[in-house]
Amino acid sequence: MRRFIKTIVFFLLVFGSISCIKDQKNETRPYLIILSMDGFRWDYPDSIPTPKLDAIAAGGVKAVSLRPAFPSKTFPNHYTMATGLYPDHHGIVLNSFYDPASGREYAIRDREAVEDGYFYGGEPIWVTAEKQGIKSASYFWVGSEAEIGGLRPSIWKRYEHDFPYTQRMDSVIAWLQLPPEQRPHLILWYMDEPDYSGHYYGPFSEGTNNMIMYQDSLLGIYMEKINALPIAEEINLIFTSDHGMQASDPERTAYLEDYIKDSWVKNLQGYNPNYNILAEDGCMDSLYHALTAGDHFTVWKAGEVPERLHYGTHPRITDLIVCADSAWRLKWKRDDRKGPYGDHGYDNRNTDMHAIFYATGPAFKKGHVHPTFNNVDLYPLMAYILGLEPAEVDGKLENVVDMLED
Ligand code: AMP
Ligand code: ZN
Ligand code: ZN
């Protein structure tokens, strides 16, 4: 009996001290907020006044640029930033794609698909956090509207394109004022600009420049609100983007319809400059030979894409991958639209596709300039800052650890 009581006491002590360590860890665990401003090209701040971002760089970290995963489109890249995996490994292989396993299509405007966890592979950082008992919140980050591995962020919002940025920001600030047991330690939020302006007016145009200056002024308000919080000194902030933007010239447009017959195509996904094509039975050779004869774009068979692009083995990347050459546009068919005047999706070797990375807070060095790195490395960085056990991913902490305080 005495032995039994001793054993019980031993277990109580051990588990008591473990939960005590856990609580203690949570009390000292920092906060991390990542904001993505869609299509914020890496070199916009070199010629457009962005005093607030400049101040963040001076007091923290700025990377020369952040290299997106291929294809440099919105959904593959936001989900790569969240999971640390290349699109080939997480399955959001383009903004729209065909899934041969289910016969279903995924598209960014298809609510049912976007909110269906079936499509999302890997483990997004908010799932890693929630699994380890850390609360997370998201305002419109790609993937956060779906249940993935049985989990969602503790707080999440259904995408509303026109929902004002100031109100998104106020919610983020309000979440940081929740009682400690409800307060998220990880917050991800999103603005769809300057991507829209970049497409509509082109990069480095008056319209896009004005939008960037407006967003920079919003960041000034955001920083003031963050700095007024009692927990301000525990908050780490990342400001980044999914890809850059390249000027498009409507006169330099190639058309797939000049090379291929509709009857050769079973399924075609994508829009300028990226397409994934599933060949009709027996038409693969005709398609491939016709497309390889084309000008101003490149075609690869799945499995033959250059290794540096990490693309082409996922079953959703169907038979042929087509991408326009930089400075060219590629449409399937002719239409009446003149624009867009800016675009992205191109090979990530084209630095116009690169995005910004700025960070500040107790985890980061001050005044540090980091070389260009890949956005798969963001997941290990975020997991490390938050003290989370990371999932196995493509990104590597060693590529980013140098930007952190010892
Ligand atoms: P694109 O420039 O074609 O790669 O896509 C950019 C668009 O993605 C933006 O204008 C948004 O409307 C859209 N978008 C971004 N995040 C979400 C989301 N979570 N749900 C639905 N649409 C989104
Ligand atoms: Zn985007
Ligand atoms: Zn875009």
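Both ligands and their constituent atoms are indexed starting at 1 by order of listing.
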Original post:
Is the distance from the Zn ion (ligand 3) to some N, O or S atom of Asp343 under 2.8 Å?
Top reply: no
Subject >> Sub-4.0 Å heavy-atom contact, Met245 with ligand 1 >> reply: no
Subject >> Ligand-residue contact atoms, ligand 1 with Asn95, heavy atoms, under 4.0 Å >> reply: 1 (P), 3 (O), 4 (O), 5 (O)
Subject >> Ligand-residue contact atoms, ligand 1 with His344, heavy atoms, under 4.0 Å >> reply: 1 (P), 2 (O), 4 (O)
Original post:
What is the name of the N/O/S atom in Asp195 that sits closest to the Zn ion (ligand 3)?
Top reply: OD1
**OP:** Mind telling me whether His344 and His199 have parallel, tilted or perpendicular rings, with 30° and 60° as the class edges?
**Re:** tilted
Subject >> Heavy-atom neighbours of Tyr196 OH exceed 12 at 6.0 Å >> reply: no
Original post:
Short list, please: which atoms of ligand 1 are under 4.0 Å from a heavy atom of Phe140?
Top reply: 19 (N)
Subject >> Element-labelled atoms of ligand 1 that are located less than 4.0 Å from some non-hydrogen atom of His199 >> reply: 2 (O)
**OP:** Nearest heavy atom to atom 9 (C) of ligand 1 wins, so pick from Tyr271, Tyr190, Tyr79, Trp141.
**Re:** Tyr190
Original post:
Do the rings of Phe163 and Tyr139 sit parallel, tilted or perpendicular, given the 30° and 60° boundaries?
Top reply: parallel
Original post:
Name of the Asp242 N, O or S atom nearest the Zn ion (ligand 2)?
Top reply: OD2
**OP:** Indicate if the distance from the Zn ion (ligand 3) to the nearest N, O or S atom of His344 falls below 2.8 Å.
**Re:** yes
**OP:** Give the name of the N/O/S atom in Asp38 that lies closest to the Zn ion (ligand 2).
**Re:** OD1
Original post:
Is Asp347 salt-bridged to Arg308, cutoff N-O under 4.0 Å?
Top reply: yes
**OP:** Would you indicate which of Asn272, Asp192, Val114, Ile108 comes nearest to atom 7 (C) of ligand 1 when only heavy atoms are counted?
**Re:** Ile108
